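The chains referred to below are lettered A, B, ... by the order of the sequence lines, with proteins before strands, and numbering in each begins at 1. Computed from a predicted model, the values in this text were never measured in an experiment. All values below come from the heavy atoms of this structure, side chains included, with hydrogens, waters and symmetry mates left out.
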There are 2 protein chains.
Amino acid sequence: MDFSKHPQYIESFQRADSIEEIHAVCGELAGDLGFGGFLYGARLPTSLADAATIIITSYPEGWRERYEEKRYIHVDPTITHTHNNVTPLTWDRISYSGKNGEKIRQFMNEATEFGLHAGATLPVHSGQGEAAMLNVFSDSSSNKEQQRILSSLPHLQMLATYAHESVRRIIEIREIAPAAPVLTTRERECLLWTAEGKTSWEIGQILGISERTVIFHLQNAGDKLNVSNRRHAVARAISMGLLAPHIA
Amino acid sequence: MDFSKHPQYIESFQRADSIEEIHAVCGELAGDLGFGGFLYGARLPTSLADAATIIITSYPEGWRERYEEKRYIHVDPTITHTHNNVTPLTWDRISYSGKNGEKIRQFMNEATEFGLHAGATLPVHSGQGEAAMLNVFSDSSSNKEQQRILSSLPHLQMLATYAHESVRRIIEIREIAPAAPVLTTRERECLLWTAEGKTSWEIGQILGISERTVIFHLQNAGDKLNVSNRRHAVARAISMGLLAPHIA
DNA sequence: TCCGAACCTGTAAGAACTGACAGTTATTTC
DNA sequence: GAAATAACTGTCAGTTCTTACAGGTTCGGA
């Protein structure tokens, strides 16, 4: 297969500044590599329990409708795989055992009705629970085609990271998530111990300062995080990555 | 370049059940692909502010000592890149501008003294803040070599995910992190609203149950999470991914 | 039919947190 | 030298959490 346009796709992804452009690049590369269509899907957490879902796809209209209608998102093995893995998945290796096995088999059978006979899923994860996947499908499941898919996996995987990078860049520009405030050392320390369940008094003992001072720092941290109690502060700080282990 | 052994490496990674075996596979593939050495590094968060660091490497002894001694982990641009990106980095594209530019230049210069003339970094992220990278270096930085590195990136990237997968599998077997408990729907709901800063009474209003019942559920959740107050429960639940947005 | 799991509710005392009062000290920056 | 920032400390009233007491209902599986 011809991978010579690989660098061009990467450049196109890096230049893209709208979802439509990303769609175009994905479509082009899927076509060039001989695939029948693609689907890029990402979930970008915006708050604790909410996430923005971005879908960029050239899947057949009928299949997308069916998928919606039957709520196949709860069955789709490519999504499960992406959640639990970092490695590529070729669809011929999907397992039909387990309690959802029958549902999955039906799902895959229905997919073939719309031309998705074979394909692969390339997971991409980024920090803080962001997850994305690039699916490509082929309208044949011959041995030769399976082999072709297999050999294009490395390139697809790499392109998937660039696709994801550009989506993140574009979405971030539009500012879905609020920026994290800058905490002082003490504020971070106090928050961290709070997250470990310590009381103000205990934290004071740990840090060698008075209980009142701990309250002071936590109050300041709370103001910066725009919250009104410690439970909320802990949740915010963690999900903003403010308490994450530092390098080294 | 010859990528025909690609599937063999993958199989070896999947079969490996010790860090030493992973070392061997990485060494083999780096050698086969013409690289002078490799470094796989991962940070697997174990608790809120702590992470296990796993390093598997064939870097020159002298360079590793120097790196330790000078605490280059704070300077190393491959680590910064891995933290902030999902895409591969070829070392010739490292930027020397910015406030740490001079330090980074010195770092890279010293690296060349030990034979690291060119190379690439392949980031791998998995859920819950886990991050890893595969570095490979070459003892020449000729144009031809740069080209060679570039063309092997897709394969390296894919192999990096398999390397990371096997490390995760091995480490998980040895149980660094405790398993997440199963929460009931109500427990999860109450915890979620608690993480949003709501009081018991408020949560009762939201869920249409009494304040006492909310306390009851939070108590049970706390017991399962093995914590003694809500701040700790919120922290635990979030960092275990129990409150993460469901696929819907 | 009995059991466990999930869900629901009440009272009450003491511990912990929150918010508003009112400050001090040291360091850095303009 | 003034201003800003980080760190530090105290009291007090009111709110919320924690723990321990003692129950009840519903539903599905053994």
Side-chain angles (χ1 to χ4, degrees), chain A residues 48-49 98-100 103 179-240 242-243 246, chain B residues 48-49 99-100 179-240 242-243 246:
Chain A
L48 249 182
K99 70 170 177 151
N100 272 331
K103 282 188 189 172
V182 177
L183 301 179
T184 69
T185 307
R186 278 305 201 208
E187 284 160 359
R188 201 163 35 242
E189 284 171 337
C190 290
L191 264 181
L192 186 53
W193 288 113
T194 298
E196 301 279 8
K198 304 296 183 196
T199 66
S200 305
W201 183 85
E202 288 170 325
I203 299 172
Q205 296 298 303
I206 293 167
L207 299 179
I209 57 183
S210 82
E211 176 182 1
R212 180 60 185 84
T213 303
V214 174
I215 295 173
F216 170 79
H217 290 306
L218 286 172
Q219 215 126 43
N220 289 335
D223 289 346
K224 287 184 183 177
L225 289 163
N226 203 20
V227 298
S228 61
N229 62 54
R230 299 188 188 182
R231 308 179 291 287
H232 200 177
V234 164
R236 263 258 162 82
I238 292 176
S239 49
M240 282 176 160
L242 294 171
L243 305 186
H246 285 232
Chain B
L48 248 181
K99 71 171 178 150
N100 272 332
V182 177
L183 300 179
T184 69
T185 307
R186 278 304 201 209
E187 285 161 0
R188 203 163 35 243
E189 283 171 339
C190 290
L191 264 181
L192 186 53
W193 288 114
T194 298
E196 301 280 9
K198 305 297 184 198
T199 66
S200 305
W201 183 86
E202 288 170 324
I203 298 171
Q205 296 299 304
I206 293 168
L207 299 180
I209 56 182
S210 81
E211 176 182 2
R212 180 60 187 85
T213 304
V214 174
I215 295 174
F216 170 79
H217 289 305
L218 286 172
Q219 212 124 43
N220 290 334
D223 290 346
K224 288 184 182 176
L225 291 163
N226 203 20
V227 298
S228 61
N229 62 54
R230 300 188 188 182
R231 309 180 291 287
H232 200 176
V234 163
R236 265 259 162 83
I238 292 177
S239 51
M240 283 176 160
L242 295 172
L243 305 187
H246 283 234

Side-chain heavy atoms of [X] within contact of [Y], under 4.5 Å:
X      : Y      : result
B:R231 : A:T199 : yes
A:W193 : A:V214 : no
A:N220 : A:R186 : no
B:I203 : B:H217 : no
B:L191 : B:L242 : no
A:C190 : A:R230 : no
B:Q219 : B:I215 : yes

Write down the distance between [atom1] ([X]) and [atom2] ([N]), rounded to a whole number of angstrom.
X      : N      : atom1 : atom2 : result
B:N229 : C:dA15 : CG    : C1'   : 11 Å
B:R212 : D:dA20 : CZ    : P     : 12 Å
B:D223 : C:dA5  : CG    : P     : 14 Å
A:L207 : D:dC8  : CG    : P     : 8 Å
B:W201 : D:dC17 : CH2   : P     : 12 Å
A:Q219 : C:dC17 : CD    : C1'   : 9 Å
B:L218 : C:dA6  : CG    : P     : 16 Å
B:H232 : C:dA16 : NE2   : P     : 16 Å

* To do: Calculate, to the nearest 0.5 Å, the distance between atoms CG and CG belonging to B:L183 and B:L192 respectively.
  =>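 Here the rounded value is 11.0 Å.
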Do any side-chain nitrogens or oxygens of [X] fall under 4.0 Å of OP1 or OP2 in [N]?
X      : N      : value
B:R230 : D:dT18 : yes
A:S210 : D:dG10 : yes
B:T199 : D:dT15 : no
B:S200 : D:dC17 : yes

Between protein and nucleotides 4-7 of chain D, what N or O pairs are separated by less than 3.5 Å?
| from | atom 1 | to | atom 2 | distance (Å) |
| --- | --- | --- | --- | --- |
| D:dA7 | OP2 | A:T184 | OG1 | 2.5 |

* To do: Pick base, sugar-phosphate or nothing for A:N220, based on heavy-atom distances below 4.0 Å to the nucleic acid.
  =>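 The answer is nothing, as A:N220 stays clear of every strand by at least 4.0 Å.
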* Answer with base, sugar-phosphate or nothing: what part of the nucleic acid does B:I215 contact at a heavy-atom distance below 4.0 Å? =>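 The residue B:I215 makes base contact.
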* **Closest to the B:R231 side chain, choosing from D:dA20, D:dT11, D:dT18** =>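 Of D:dA20, D:dT11, D:dT18, D:dT18 is nearest to the side chain of B:R231.
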* To do: Verify the neighbour count for atom NZ of B:K224: are there more than 12 heavy atoms of other residues, nucleotides or ligands below 6.0 Å?
  =>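 Buried by this count: over 12 neighbours within 6.0 Å.
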* Asked: If you find the nucleotide of DNA chain D closest to B:K198 and the one closest to A:E211, which residue's nucleotide is nearer the 5' end?
  ->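 Nearer the 5' end of the strand: A:E211.
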* **Terminal axes of the helix from C:dT1-D:dA30 to C:dC30-D:dG1 (five pairs each): angle between them, nearest 10 degrees** =>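 Comparing the first five pairs with the last five, the axes sit 50° apart.
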* Asked: Can you name the nearest heavy-atom pair linking B:A235 to A:A195, along with the distance?
  ->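 Closest approach of B:A235 to A:A195, heavy atoms only: CB-O, 3.2 Å.
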